[in-house]
Amino acid sequence: TAFDPRPSRMAPVSGGPLGNHQSSTVTLSANIVGLAAGSYSYALQVAAPGATNSSQTVTVNLQVAGPELHLLADWFRFSAFCGGANPGSCWLWIGNSGGGIVNWSINAPDKPTWLTIAPVSGGPLAHNQDSMVTLSANIAALDVGLYTYSFEVIAPGAQHSPRTVTGSLLILGPMLS
């Protein structure tokens, strides 16, 4: 893909005279606003009128990272005693470890009534930003046993999307005194 940093992305640079064996540093920066994820390359011409070997080409490469869906963990576990209190909540951290923006949603078809997920969508998340999702279990009317459920976290256009999150709720027999 061609990347032309001129004129809105790079100002002309000039320096003063340099003596024998002297050098000068030129710092380049990139404005990636509006650029799609991908690799960009530009041939930069460096010229010094009157110098030997004037007009050298320096290749400038730019890698623009796209959004990347990141989950701190892709599982959750609850346990409680039958007839006892609900277990404490679990947290799911959803983030963007790439560039660009991540908007996410949770696809939880046939979600069991014992599980609450909030919120079920979020964003926009820029690089290294994240959102916290609270997962709660209500054990009322559940018998002793192991209950499992999986759902998806979806971030359209992001790498590593969708991601599956799997969890369980273990209801133990009543506590004996």
Side-chain angles (χ1 to χ4, degrees), residues 1-13 15 23-46 57-80 86-138 146-170:
T1 305
F3 167 57
D4 184 0
R6 302 166 294 138
S8 64
R9 298 184 194 276
M10 191 170 104
V13 177
S23 63
S24 180
T25 300
V26 175
T27 302
L28 301 175
S29 63
N31 177 358
I32 63 169
V33 172
L35 289 179
S39 298
Y40 298 86
S41 185
Y42 181 73
L44 181 67
Q45 295 293 320
V46 179
T57 301
V58 176
T59 301
V60 178
N61 294 309
L62 174 65
Q63 181 67 40
V64 178
E68 187 173 332
L69 178 63
H70 177 78
L71 303 181
L72 187 57
D74 58 2
W75 55 271
F76 61 94
R77 307 278 185 271
F78 297 107
S79 62
N86 289 329
S89 296
C90 294
W91 295 275
L92 173 65
W93 293 92
I94 300 172
N96 178 8
S97 57
I101 296 295
V102 165
N103 290 295
W104 58 269
S105 63
I106 292 178
N107 180 25
D110 304 317
K111 184 182 70 60
T113 57
W114 58 263
L115 179 63
T116 301
I117 304 171
V120 294
S121 64
L125 301 175
H127 175 67
N128 283 342
Q129 288 185 323
D130 53 36
S131 295
M132 182 180 78
V133 175
T134 302
L135 305 169
S136 304
N138 182 344
L146 178 64
Y147 300 83
T148 61
Y149 182 68
S150 295
F151 59 86
E152 285 186 329
V153 179
I154 300 167
Q159 294 179 37
H160 308 297
S161 175
R163 294 282 304 274
T164 300
V165 177
T166 301
S168 65
L169 167 60
L170 177 61

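Just so it is clear, the structure is predicted and the values come from calculations on it, not from any experiment. Computed over heavy atoms, backbone and side chain alike; hydrogens, waters and symmetry mates excluded.
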Taking distance alone, no hydrogens or angles, what donor-acceptor pairs closer than 3.5 Å link side-chain atoms of residues 61-75 to residues at least two apart or in another chain?
| from | atom 1 | to | atom 2 | distance (Å) |
| --- | --- | --- | --- | --- |
| Asn61 | OD1 | Ser41 | OG | 3.1 |
| Gln63 | OE1 | Ser39 | OG | 2.5 |
| Glu68 | OE2 | His160 | NE2 | 3.3 |

Report all side-chain donor-acceptor pairs from residues 115-138 shorter than 3.5 Å, counting only partners two or more places apart or in another chain.
| from | atom 1 | to | atom 2 | distance (Å) |
| --- | --- | --- | --- | --- |
| His127 | ND1 | Gly98 | O | 2.7 |
| Gln129 | OE1 | Ala126 | N | 2.7 |
| Ser131 | OG | Trp104 | NE1 | 3.4 |
| Ser136 | OG | Ser89 | OG | 3.2 |
| Asn138 | OD1 | Ala140 | N | 3.0 |

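- Listed by chain and residue number, Gln45 satisfy the side chain to side chain donor-acceptor pair (under 3.5 Å) test with Thr57 (two or more places apart in sequence, or in another chain).
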Which atom pairs, one a donor and one an acceptor, fall under 3.5 Å between side chains of residues 146-154 and the rest of the protein, sequence neighbours left out?
| from | atom 1 | to | atom 2 | distance (Å) |
| --- | --- | --- | --- | --- |
| Tyr147 | OH | Asp143 | N | 3.2 |
| Tyr147 | OH | Asp143 | O | 2.9 |
| Tyr149 | OH | Ala108 | O | 3.2 |
| Tyr149 | OH | Pro109 | O | 2.7 |
| Ser150 | OG | Thr166 | OG1 | 2.9 |

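- Aromatic ring centres of Phe78 and Phe76 lie closer together than 6.0 Å.
- Rounding to the nearest 0.5 Å places CH2 of Trp91 at 9.5 Å from CH2 of Trp93.
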